[in-house]
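As a basis for the values below, the full set of heavy atoms in this structure was taken, side chains included, without hydrogen atoms, waters or symmetry mates.
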Amino acid sequence: MLRRLMERRFHCTVCGKCCYGKLPLTLNDAIANAGRFPLAMFWTAVRQGAKSFEITARLGATATLLNRKKIALQITPVAYLPPLFPCPALSPDGRCAIHADRPLRCRAMPFYPFREESDQVDMLVPRKGWDCDTSANAPVVYRDRKVVHRGDFDRERQGLIDQASIVRAYADSLMANAPNVAMAVEKAARKRHGGHVVLNFTGILPKLSNIDAPSFARKQLPVLSGYADRTAGTSELKEFHEYYGNCATGMKRLLERR
């Protein structure tokens, strides 16, 4: 009985019901999907003492607030979609059209790399409406607080480790030289459970020495323009509409300078 209590079963049925809204990515996956996803940089403030503080600091960055308290910053490239918007790779039948080439985040689900491996058990509880299989027929995927079939989990974690120095340099630069970003982070950190800051993805491009910015802009511009059109005229989507529109304008300016 004790052994069964220490095990969790899970199987993805490829139902597509989790493929909605914001999708965290590695930098490599973000660049590879620039012609598909509207990209952003998503900053999440994590207070010192939180369970995920240490791993967030290792994979992201840290900052000292005006009150001299230290916070960790989870800084993640994302496909920045409204919560009810499907992933653009989701086919009309609810299946992933890029399943063989899907991002690392999709492959590692339901495990989450910004948590310690020992703190994953509640990630194996499907959200209401999802068709994940957690029955006795599903394979054991978590035992004694360890991931059993760990290939995808390790690949995503390693991807985040590999990009950590780039993310940290990007964050340190903006916190030191962009007062509006530092102020937004201060405000986010005051929220009880940590707040978020959404920034234009192009801010990290100068840190990516192997990326041609105009080529990236030519892929992103039609994506951003398309989502700006899709979110126009809806008050609930105003924040997204403004983001897409502003970023599209930035992409046009970048191309005009070349």
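Applying the salt bridge (Lys or Arg N to Asp or Glu O under 4.0 Å) rule to pairs touching residues 93-110 yields R105-E156, sequence neighbours excluded. Each side chain to side chain donor-acceptor pair (under 3.5 Å) pair with one or both residues in residues 34-43, not counting sequence neighbours, appears once here: N33-R36, W43-Y170.
Rounded to the nearest 0.5 angstrom, D144 CG and R8 CZ are separated by 11.0 Å. Taking CZ of F10 as the start and CG of D133 as the end, the distance is 8.5 Å to the nearest 0.5 Å. Going from atom OG1 of T234 over to atom CZ of F240 covers 12.0 Å, rounded to the nearest 0.5 Å. With values rounded to the nearest 0.5 angstrom, R9 atom CZ is found 16.0 Å from C132 atom SG. With rounding to the nearest 0.5 Å, the separation of OH in Y112 from CG in L124 is 15.0 Å.
With hydrophobic clusters built from ILVMFWY side chains whose heavy atoms lie under 4.5 angstrom apart, L73 shares a cluster with I166. Linking ILVMFWY side-chain heavy atoms closer than 4.5 Å, directly or via other members, places I75 and L59 in two distinct hydrophobic clusters. F111 and F114 are assigned to two separate hydrophobic clusters, defined by single-linkage of ILVMFWY side chains at heavy-atom distances under 4.5 Å. Linking ILVMFWY residues whenever their side-chain heavy atoms come closer than 4.5 Å, directly or via other members, places L224 and I211 in the same cluster. With hydrophobic clusters built from ILVMFWY side chains whose heavy atoms lie under 4.5 angstrom apart, L27 shares a cluster with V223.
Between Y244 and P38, the shortest heavy-atom distance links the atoms CE2-CB, 3.7 Å. For the residue pair A189 and A45, the shortest heavy atom distance occurs at CA-CB, 3.9 Å. When all heavy atoms are compared, the tightest approach of G60 to R168 is O-NE, 3.1 Å.
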Which donor-acceptor pairs under 3.5 Å do the side chains of residues 195-208 make with protein atoms, sequence neighbours left out?
residue : atom : partner : partner atom : Å
H196    : ND1  : T44     : OG1          : 3.1
N200    : OD1  : T202    : N            : 2.9
N200    : OD1  : T202    : OG1          : 2.9

In residues 62-72, what donor-acceptor pairs under 3.5 Å come from side-chain atoms, sequence neighbours left out?
residue : atom : partner : partner atom : Å
N67     : OD1  : K69     : N            : 2.9

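In this structure a side-chain-to-backbone donor-acceptor pair under 3.5 Å is present from S135 to N137. The backbone N or O of L221 sits less than 3.5 Å from a side-chain atom of S225, completing a donor-acceptor pair. Side-chain atoms of E116 never come within 3.5 Å of backbone atoms of S52 as a donor-acceptor pair (strictly under, hydrogens ignored).
A 4.5 Å side-chain heavy-atom check between L39 and V78 finds every atom pair outside the cut-off. When side chains are defined from C-beta on, P77 counts as touching M41, because their heavy atoms get closer than 4.5 Å. Two residues are said to be in side-chain contact when any heavy atoms from C-beta on lie closer than 4.5 Å; V121 and R145 fail this criterion. Side-chain atoms of R47 and F53, non-hydrogen and from C-beta on, never get closer than 4.5 Å to each other. In this structure, R230 and F85 have side chains that are in contact, with non-hydrogen atoms separated by less than 4.5 Å. The shortest side-chain heavy-atom distance between L104 and M109 does not fall under the 4.5 Å cut-off.
Other members of the hydrophobic cluster containing Y20, listed by chain and number, are L90; membership follows side-chain contacts under 4.5 Å among ILVMFWY residues, whether direct or relayed. Within the hydrophobic cluster formed by Ile, Leu, Val, Met, Phe, Trp and Tyr side chains joined at under 4.5 Å, directly or through other members, V140 is accompanied by V148.
Taking the six-membered ring where the residue is Trp, Y80 and F42 present tilted rings, their angle falling between 30° and 60°.
No side-chain N or O of N246 forms a donor-acceptor pair with one of E242 less than 3.5 Å apart.
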For this session: Starting from the C-alpha separation in whole Å, work towards a yes-or-no answer on salt bridge (charged side-chain N to carboxylate O under 4.0 Å, His left out) for D122 and R115.
Result: CA-CA 11 Å; D122 59 321; R115 285 190 179 202; 2.6 Å; yes
Exercise. Can R155 and D152 be said to form a salt bridge (charged side-chain N to carboxylate O under 4.0 Å, His left out), step by step?
Worked result: CA-CA 5 Å; R155 277 187 283 273; D152 290 331; 2.9 Å; yes
For this session: Check the pair E117 / R150 against salt bridge (charged side-chain N to carboxylate O under 4.0 Å, His left out), numbers first and verdict last.
Result: CA-CA 10 Å; E117 185 174 1; R150 54 184 314 110; 2.6 Å; yes
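No salt bridge links K146 with E7; every basic N to acidic carboxylate O contact stays at or beyond 4.0 Å.
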